[in-house]
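Proteins come first, then strands; the chains are lettered A, B, ... in the order of their sequence lines, and each starts at number 1.
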2 protein chains.
Amino acid sequence: MRVTIKEVAKEANVSLSTVSRVLHNSSKITDETKKRVNDAIKKLGYHPNYIASSLAGKPTKTIGIVLPNDSDELFKNTFFINAMRGISIYAQKRGYFLMYSFSKDDEEEVKFIEKYIRSGWVSGVVLLNSFENDKCIEYLEEHSFPFVIIGTPNRPKSINWVDNDNRQAMKDVVLSLVKKGKKSIAFIGGHKKMKVTKDRYLGYQEALEESGLKIKKNSNFFFDSFTEENGKKAMRNLLSTNDVDAVVTTDDLFSFGVLDVLKENKRLDIMVTGFNNTPRSTFISPTLTTVEINADELGEKAARLLIENLENKDLEKQGLLVSSSLIERESTKNEL
Amino acid sequence: MRVTIKEVAKEANVSLSTVSRVLHNSSKITDETKKRVNDAIKKLGYHPNYIASSLAGKPTKTIGIVLPNDSDELFKNTFFINAMRGISIYAQKRGYFLMYSFSKDDEEEVKFIEKYIRSGWVSGVVLLNSFENDKCIEYLEEHSFPFVIIGTPNRPKSINWVDNDNRQAMKDVVLSLVKKGKKSIAFIGGHKKMKVTKDRYLGYQEALEESGLKIKKNSNFFFDSFTEENGKKAMRNLLSTNDVDAVVTTDDLFSFGVLDVLKENKRLDIMVTGFNNTPRSTFISPTLTTVEINADELGEKAARLLIENLENKDLEKQGLLVSSSLIERESTKNEL
DNA sequence: CTGTTAGCGCGTTCAA
DNA sequence: TTGAACGCGCTAACAG
């Protein structure tokens, strides 16, 4: 059987509560008795039982993470594993445990959150399903349970969230192209209703404006799904109707399609950038210039935000922006 | 405050223990009181508190997973995220919670296992660091704490483990090449001391033997590290000294190097296979025939093995083999 | 078949 | 500054 606080007390010739006190540095204790207790702890190899401690009212120091099961996303991206690692880096530093569960749909997602809360195991939740998790948010808010979301929620005011500065990121992308002498830059993005798309498009517009450039007609595209095929479609269209010298996209997948069309048409003088730094971007030719969204850091900051809120209940809810970095590769080299 | 068993008891006009009993289907209870209790549970929206239940002696129904932090592996492979998902699929079905932690080295790995055990949170551990985790195994055995390892341990007899049938997998690869008329098949693998390498090499030898083929001199290579460069080195060597018509490797990375050399030398008539079905294998040209190791299933079976052992203490330790599947792509097509 | 009671290991009053 | 006692929510004997 494991050694309990009781045996430590006996060994140190003090009462249970005294041991408990030195364990938590609470109230004043003589240096001498403190030493006696600590010696006993060491001698007996005592380690506190979190279960008992939690039952007696202490927080569990455990965070639950909810992941989507969608295999496509999982395969395409190292986002999730990196975000999970990021979370772990901060959480472990603070002595927190991490739980995770994959859910196959929204409904199951809520179910797991319910389970996390009701079981009493976790004291906070990280939402990692990048998109629409309104049901989860609703449930968590209803039960006023602490949580943080990676991604920008619809009502960002009253919620803890962490996301990239998508506007700035795309702005940087476009400005770097302008610096290379590009003057007619096309845009390919996801659905216009999505916050990510909106933000990135905003950055695109701002960069052009600041550079004194205009958006050409028919040079902006918005698609419902992030596919290579849509990238191709847009690029073919651009080649026939426009005189572009660069293309920015909100996702590497679009860019892969774009590059295919450019290769076919021997127009690799047109520069291309992507977003998300998917592994494939380094394997194709030309290698793709893209934006690293730093999933690690997103996770780390999310964990920090949550834990700070956990330990300081009346902290204001806030949103945190994580900078991303432009990774320059062959698709934006002048020599090509 | 959450509703407790006590309130349910009062509502149903029974004692605590009766409620506890219907909760666990233990001993005989009148259908009528059972109904009364269940009604009360529903009416009050009662949910058992796992913490209390655990403290009172019930198992925690929580499994701890230990992951390596090594970014290279993490990026190259979807193995970990898939294995984690596989574990979750089975564990969640059985009502188990999952904890994870990333450790940056062996030492930290043991530290986390220690923490898992001492805290009392978890009742079993899954080791996922594919290679040498002797220290962890040692620690776990010392404390006779239930665990399962994904991969083949050095002393497989007294340990629960799950792994691919590497011998058979490689055998299938080679036989499929023989069936395509190949007669001089080279082998490129990792360090000869590694169990994986040994097993795959064994399958290679068996297949050749059964097909009445001989291993040519200087056509087998073993490298310390899985790199493209080593693949190139081996292939250049093979081209100059041997008359091979196919190359099998124990890792896609070797194969990428091999294909590079073959393309350079316009020798794509030589067939190539890899191992692990890394994402890149579908993006290169020719696309690479490789072996899918089914990380999902490895995780699922590992969870099953562990949970079965958890719920049935005197179960024998065992090793489970997970079949892999050969994915035929362009690099083994005759037309090329 | 059901109720009573004594813990599980620890935190936290309240006294001393 | 320290100790005794109670309770967190639940399980598992032991009675009846």
Side-chain angles (χ1 to χ4, degrees), chain A residues 1-38 40-41 44-62 95 115 117-123 311, chain B residues 1-41 44-62 95 97 115 117-123 311:
Chain A
M1 205 49 216
R2 68 183 325 136
V3 17
T4 76
I5 217 175
K6 210 169 167 180
E7 307 169 42
V8 176
K10 198 189 290 177
E11 174 75 26
N13 256 316
V14 293
S15 76
L16 306 190
S17 30
T18 306
V19 178
S20 176
R21 280 182 193 114
V22 337
L23 249 32
H24 300 283
N25 306 315
S26 69
S27 70
K28 327 271 175 200
I29 301 199
T30 327
D31 280 0
E32 201 235 307
T33 60
K34 196 183 283 182
K35 188 183 177 322
R36 270 224 314 283
V37 172
N38 280 323
I41 288 178
L44 269 47
Y46 167 81
H47 288 273
N49 180 325
Y50 275 62
I51 306 257
S53 157
S54 300
L55 185 58
K58 285 282 175 190
T60 58
K61 286 203 140 202
T62 299
K115 235 192 135 183
I117 299 184
R118 286 178 172 162
S119 66
W121 270 157
V122 316
S123 31
E311 309 202 332
Chain B
M1 206 48 218
R2 69 182 326 132
V3 19
T4 75
I5 216 175
K6 209 167 166 180
E7 307 170 43
V8 176
K10 197 188 291 176
E11 174 76 27
N13 257 317
V14 292
S15 76
L16 306 190
S17 34
T18 306
V19 179
S20 176
R21 279 183 193 112
V22 337
L23 249 31
H24 300 283
N25 306 315
S26 68
S27 71
K28 326 269 176 207
I29 301 200
T30 328
D31 281 358
E32 200 235 308
T33 60
K34 198 184 283 184
K35 188 183 176 320
R36 271 224 312 285
V37 171
N38 280 323
D39 286 352
I41 288 178
L44 269 46
Y46 167 79
H47 288 272
N49 180 326
Y50 275 61
I51 306 257
S53 159
S54 300
L55 184 58
K58 285 280 177 193
T60 58
K61 286 203 143 203
T62 299
F97 290 94
K115 235 192 134 183
I117 299 184
R118 286 177 171 162
S119 66
W121 270 157
V122 316
S123 32
E311 309 203 332

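With hydrogens and angles left out, the side chain of B:S17 and the base of C:dT5 share no donor-acceptor pair within 3.5 Å.
As judged by a 4.0 angstrom heavy-atom cut-off over every strand, B:T33 is placed among residues touching the sugar-phosphate backbone only. Within 4.0 Å of B:L55, counting heavy atoms only, lies at least one base atom of the nucleic acid. Nucleic acid contact class of A:V19 (heavy atoms, under 4.0 Å, all strands): none.
Rounded to a whole Å, the NZ atom of A:K58 is 7 Å from the P atom of C:dG11. Between A:I51 atom CD1 and C:dG7 atom P there is a gap of 21 Å when expressed in whole angstrom units.
Dashed line: the shortest gap from a side-chain N or O of A:T30 to OP1 or OP2 of D:dT2 is under 4.0 Å. Contact annotation: B:S15 does not reach the phosphate of C:dT2 (side-chain N/O to OP1 or OP2, under 4.0 Å). An OP1 or OP2 oxygen of C:dC10 is reached within less than 4.0 angstrom by a side-chain nitrogen or oxygen of A:Y46.
A donor-acceptor pair is defined here as one N or O able to donate and one able to accept, closer than 3.5 Å; such a pair exists between the side chain of A:T60 and the backbone of A:W121. In this structure, the side chain of B:T30 does not engage the main chain of B:E32 through any donor-acceptor pair within 3.5 Å.
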Requested in this report: Decide yes or no on side-chain hydrogen bond (donor to acceptor under 3.5 Å, both in side chains) for B:S17 and B:S20, but give the supporting numbers first.
Outcome: CA-CA 5 Å; B:S17 34; B:S20 176; over 6 Å; no
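Each of B:R36 and A:Y50 was assigned the nucleotide of DNA chain C with the nearest heavy atom; the assignment lying further toward the 5' end belongs to B:R36. When the nearest nucleotides of DNA chain C are assigned to A:A52 and B:L16 by heavy-atom distance, the more 5′-ward of the two goes with B:L16.
Candidate nucleotides C:dG11, D:dG9, D:dA12 were compared by shortest atom distance to the side chain of B:T4, and D:dG9 ranks first. The listed nucleotides are D:dC10, D:dG3, D:dT11; the one nearest the side chain of A:R21 is D:dG3.
When the C1' atoms of four end pairs are superposed on the next four at each end of the helix from C:dC1-D:dG16 to C:dA16-D:dT1, using five pairs per end, the two resulting axes differ in direction by 40°, to 10°.
Looking at heavy atoms from C-beta onward, B:V22 lies out of side-chain contact with B:T33 at the 4.5 angstrom threshold. Proximity of A:V19 to A:L16: side-chain heavy atoms (C-beta onward) are nowhere separated by under 4.5 Å. Counting only heavy atoms from C-beta outward, the side chains of B:I41 and B:V37 approach each other to under 4.5 Å.
Look at B:K35 and B:D31 and you find no salt bridge, because none of the NZ, NE, NH1 or NH2 atoms lies under 4.0 Å from a carboxylate O.
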